[in-house]
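Numbers for residues simply follow the sequence, beginning at 1.
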Amino acid sequence: MTETGSLNLTSTPIVVPLDLPSAVSDNISYANANAITILESGTYRVDITMSGRSLNTTTITLVLAINNVPQGNTIQSLEFSTFELNTFVFSNFLSLTSGDQLSLLISSEPDTLFSTPQLGQTGGLVVQRVN
């Protein structure tokens with residue numbers, strides 16, 4: 001989870017800070033900054049959420065990365081109008097291997113300042129082993 005604040009976005013993806021680890025963490029580790037590490041191979045449900053506003057009209061893309069490689073099957077792009085609050089919400093079931101590191105990458109075209117709500121959780125990467 002994250003309480004990001006704001007991020008300067010360009011067409012080059014940057015890692016979303018994951019600075020609020022869950023109190024309940026089976027089969028995963030938060031040892032690596034801004035990533036979740038899988039401890040046991042299996043099938044996992046991955047849920048991704050993030051809310052925010054853009055300083056200008058733009059397209060913002062949020063994507064799951066596994067070992068720093070963006071995953072084409074777990075991606076969402078949204079059109080943002082100036083100062084309009086939008087929320088990314090998407091999920092997928094993925095076969096993951098012990099040692100895989102999951103992170104979120106975000107980018108924008110054209111460049112923008114992405115601001116998250118000031119209070120509470122503004123984004124989440126939830127990983128749950130299902131098999």
Applying side-chain contact (heavy atoms from CB on, under 4.5 Å), run through I60 and S54 and close with a yes or a no. CA-CA 9 Å; I60 297 178; S54 174; 4.2 Å; yes
For [X] and [Y], work out which heavy atoms get closest and say how close.
{"X": "S77", "Y": "T59", "result": "CB-CG2, 4.1 Å"}
{"X": "S29", "Y": "A31", "result": "OG-N, 3.1 Å"}
{"X": "S11", "Y": "E109", "result": "CB-OE1, 3.1 Å"}

Any non-hydrogen side-chain atom of [X] less than 4.5 Å from a side-chain atom of [Y]?
{"X": "L18", "Y": "L125", "value": "yes"}
{"X": "V16", "Y": "L62", "value": "yes"}
{"X": "T12", "Y": "I14", "value": "no"}
{"X": "I28", "Y": "I38", "value": "yes"}
{"X": "T82", "Y": "L55", "value": "no"}
{"X": "R45", "Y": "L94", "value": "no"}
{"X": "L64", "Y": "I48", "value": "yes"}
{"X": "L102", "Y": "Y44", "value": "no"}

Indicate if [X] and [Y] have the same hydrophobic cluster label, given that clusters are the connected sets of ILVMFWY residues with side-chain heavy-atom separations under 4.5 angstrom.
{"X": "F88", "Y": "L104", "result": "yes"}
{"X": "I36", "Y": "F90", "result": "yes"}
{"X": "V127", "Y": "I66", "result": "yes"}
{"X": "L39", "Y": "L96", "result": "no"}
{"X": "M50", "Y": "I75", "result": "no"}

Between the side chains of R53 and E84, is the shortest nitrogen-to-carboxylate-oxygen separation below 4.0 Å, so that they form an ion pair? no
So, [X] versus [Y]: side-chain donor-acceptor pair below 3.5 Å or not?
{"X": "T87", "Y": "S51", "answer": "yes"}
{"X": "S98", "Y": "S41", "answer": "no"}
{"X": "S107", "Y": "T61", "answer": "no"}
{"X": "D100", "Y": "N67", "answer": "yes"}

If only atom types and distance count, is the side chain of [X] paired as donor or acceptor with the main-chain N or O of [Y] below 3.5 Å?
{"X": "T43", "Y": "V130", "value": "no"}
{"X": "T58", "Y": "P110", "value": "yes"}
{"X": "T112", "Y": "F114", "value": "no"}
{"X": "Q101", "Y": "G99", "value": "no"}
{"X": "N86", "Y": "E79", "value": "yes"}

Pair T10, D111 - check side chain to side chain donor-acceptor pair (under 3.5 Å), show working. CA-CA 4 Å; T10 68; D111 299 355; 4.9 Å; no
Pick one: which of V15, I106, L113 meets side chain to side chain contact (heavy atoms under 4.5 Å, CB included) with L7? I106
Answer yes or no: does atom CG of N131 have more than 12 heavy-atom neighbours from other residues, nucleotides or ligands under 6.0 Å? no
Return yes when atom CG of N68 has more than 12 non-hydrogen atoms of other residues, nucleotides or ligands closer than 6.0 Å, and no otherwise. no
Atom pair OG (S108) and CG (L9), whose distance is rounded to the nearest 0.5 Å: 5.5 Å
